[in-house]
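This chain uses plain numbering: 1 for the first residue, then up along the sequence.
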Amino acid sequence: MSTMEEYHTHILFLGYFSGPVEGIISFSLATLLTGIFGPEFWAKSIYSFIPLLPSALVDVLPPLTLAQSLVASMGVMLIPTVYMSFSNIASACREQNKSVLSAFADSIPFVASIASMVVWLAASPNVLNQHLVLFLMFAGFAFSYIVGRVIVAHVTGAPFPKLNRMHVPIFFGTANAIAPMLGLAKMFDGENEVVLIWICLAYTALQYAHFALEVINTICAYLDINCLTIKHKKAE
């Protein structure tokens with residue numbers, strides 16, 4: 001959202017809960033806690049960390065693990081951030097005499113991608129329970145490419161990028177997962193679905209690497225610089 005907001009407002013806002021700051025800190029702390037206490041730490045009840053909570057209240061509350069509580073909390077914290085992003089986009093569009101609805105529509109492919117991945121995981125419990133890390137690696141490359149395209153479009157003044165090649169494995173995988181609900185057979189069924197995820201991971205990793213190298217090479221060629229070293233002038 002912050003990237004789309006920057007594209008339309010030309011200002012980088014860091015909301016109440018932003019990925020580059022609070023998001024990275026949260027995931028870093030979660031990784032640290034997992035390394036110290038083990039993955040079973042996240043399966044503990046959230047109520048065991050609130051010793052003063054009356055047992056009568058615990059009995060009527062829904063059972064929640066620490067992991068579920070953390071994800072729910074982050075989701076709640078995202079609500080004001082998303083609201084402020086759309087609010088800033090709307091204000092910028094009005095000042096620039098641009099269509100607010102058209103700017104809001106730019107978020108549809110991103111929302112559709114997230115929704116598709118949620119549906120995929122919900123329809124494939126085996127992926128969710130056995131291959132989630134592999135799935136998240138594939139998702140990471142896909143969204144990095146999508147966000148990177150928006151950043152490049154903002155810097156170069158290009159039209160906002162909507163659907164692109166990274167949406168292909170996302171939508172295909174979701175279609176494969178929900179095929180039985182539509183009375184169709186899966187192309188990748190059961191344990192074979194992990195093969196599809198490996199294919200998606202390889203595809204997105206190669207596409208992202210190609211995109212990153214293309215951007216780096218273009219910038220370096222235009223500015224006549226090297227990427228990681230200082231380019232010295234040739235001796236005359």
Side-chain angles (χ1 to χ4, degrees), residues 1-2 4-5 13-90 104 107-140 142-143 147 170-171 173-183 186 189-191 193-194 197:
M1 283 304 305
S2 295
M4 188 182 87
E5 181 183 8
F13 292 93
L14 292 180
Y16 302 109
F17 188 89
S18 64
V21 184
E22 289 81 7
I24 292 177
I25 293 175
S26 298
F27 283 112
S28 298
L29 290 175
T31 303
L32 179 63
L33 290 172
T34 304
I36 295 174
F37 300 107
E40 63 275 7
F41 171 77
W42 301 103
K44 294 182 179 180
S45 171
I46 183 62
Y47 308 123
S48 64
F49 295 89
I50 313 175
L52 299 180
L53 196 65
S55 58
L57 182 59
V58 174
D59 293 337
V60 298
L61 291 173
L64 289 174
T65 64
L66 187 60
Q68 292 170 333
S69 302
L70 180 62
V71 172
S73 300
M74 294 176 69
V76 171
M77 287 186 286
L78 281 176
I79 294 175
T81 301
V82 173
Y83 171 79
M84 287 304 302
S85 292
F86 278 111
S87 178
N88 291 332
I89 290 172
F104 283 2
S107 66
I108 293 177
F110 184 73
V111 174
S113 299
I114 296 177
S116 295
M117 289 192 166
V118 171
V119 170
W120 184 348
L121 290 174
S124 301
N126 182 58
V127 174
L128 178 62
N129 297 322
Q130 303 294 331
H131 308 291
L132 183 59
V133 173
L134 187 66
F135 184 90
L136 292 178
M137 291 174 63
F138 142 59
F143 283 111
V147 172
I170 297 174
F171 294 150
T174 303
N176 177 75
I178 66 174
M181 302 178 188
L182 305 176
K186 280 187 173 184
D189 196 6
E191 288 297 331
E193 194 165 7
V194 69
I197 300 176

Rounded to the nearest 0.5 Å, the CD1 atom of Ile89 sits from the CE atom of Met84 at a distance of 11.0 Å
For the student: nearest non-hydrogen atoms of Ala177 and Ala123, plus distance:
O-CB, 3.8 Å
Can you confirm whether Leu132 sits close enough to Leu121 that some side-chain heavy atom of one is under 4.5 Å from a side-chain heavy atom of the other?
yes
Kindly indicate whether the side chain of Phe135, heavy atoms from C-beta on, has any atom under 4.5 Å from the side chain of Glu193.
no
Going through the checks in order, is the side chain to side chain contact (heavy atoms under 4.5 Å, CB included) test met by Ser107 and Phe86?
CA-CA 10 Å; Ser107 66; Phe86 278 111; 3.8 Å; yes
Would you say Thr174's side chain and Ser116's backbone share a donor-acceptor pair under 3.5 angstrom?
yes
Quick one: does Ile170's side chain get under 4.5 Å of Trp120's, heavy atoms only?
no
Give me the ring orientation class for Phe41 and Phe37: parallel if the planes are under 30° apart, tilted from 30 to 60°, perpendicular past 60°.
parallel
4.5 Å side-chain heavy-atom contact, Pro180 and Lys186:
yes
If you measure from CZ on Phe27 to OG1 on Thr34, what distance do you get to the nearest 0.5 Å?
11.0 Å
Test side chain to side chain contact (heavy atoms under 4.5 Å, CB included) applied to His131 and Met137, step by step:
CA-CA 10 Å; His131 308 291; Met137 291 174 63; over 6 Å; no
Regarding Trp42 and Thr65, do their side chains bring together a donor and an acceptor under 3.5 Å, going by distance alone?
no
Decide side chain to side chain contact (heavy atoms under 4.5 Å, CB included) for Ile197 and Val127; before the verdict, give the C-alpha distance in whole Å, the side-chain angles of both, and the deciding distance to 0.1 Å.
CA-CA 9 Å; Ile197 300 176; Val127 174; 3.4 Å; yes
Nearest 0.5 Å please: distance from the CD1 atom of Ile79 over to the CE atom of Met77.
10.5 Å
If you apply the rule side chain to side chain contact (heavy atoms under 4.5 Å, CB included), what do you find for Leu134 with Phe138, and how did you get there?
CA-CA 6 Å; Leu134 187 66; Phe138 142 59; over 6 Å; no
Polar side-chain atom of Ser45 near backbone of Tyr47 as donor-acceptor pair, under 3.5 Å
yes
First locate atom CD1 of Ile50, then atom OG of Ser69, and finally report the distance between them rounded to the nearest 0.5 Å.
8.0 Å
Restricting to non-hydrogen atoms, name the atom on Ser85 and the atom on Glu5 that form the minimum distance, rounded to 0.1 Å.
OG-OE1, 3.1 Å
Could you state the interatomic distance from CG (Leu61) to CD1 (Ile46), rounded to the nearest 0.5 Å?
11.5 Å
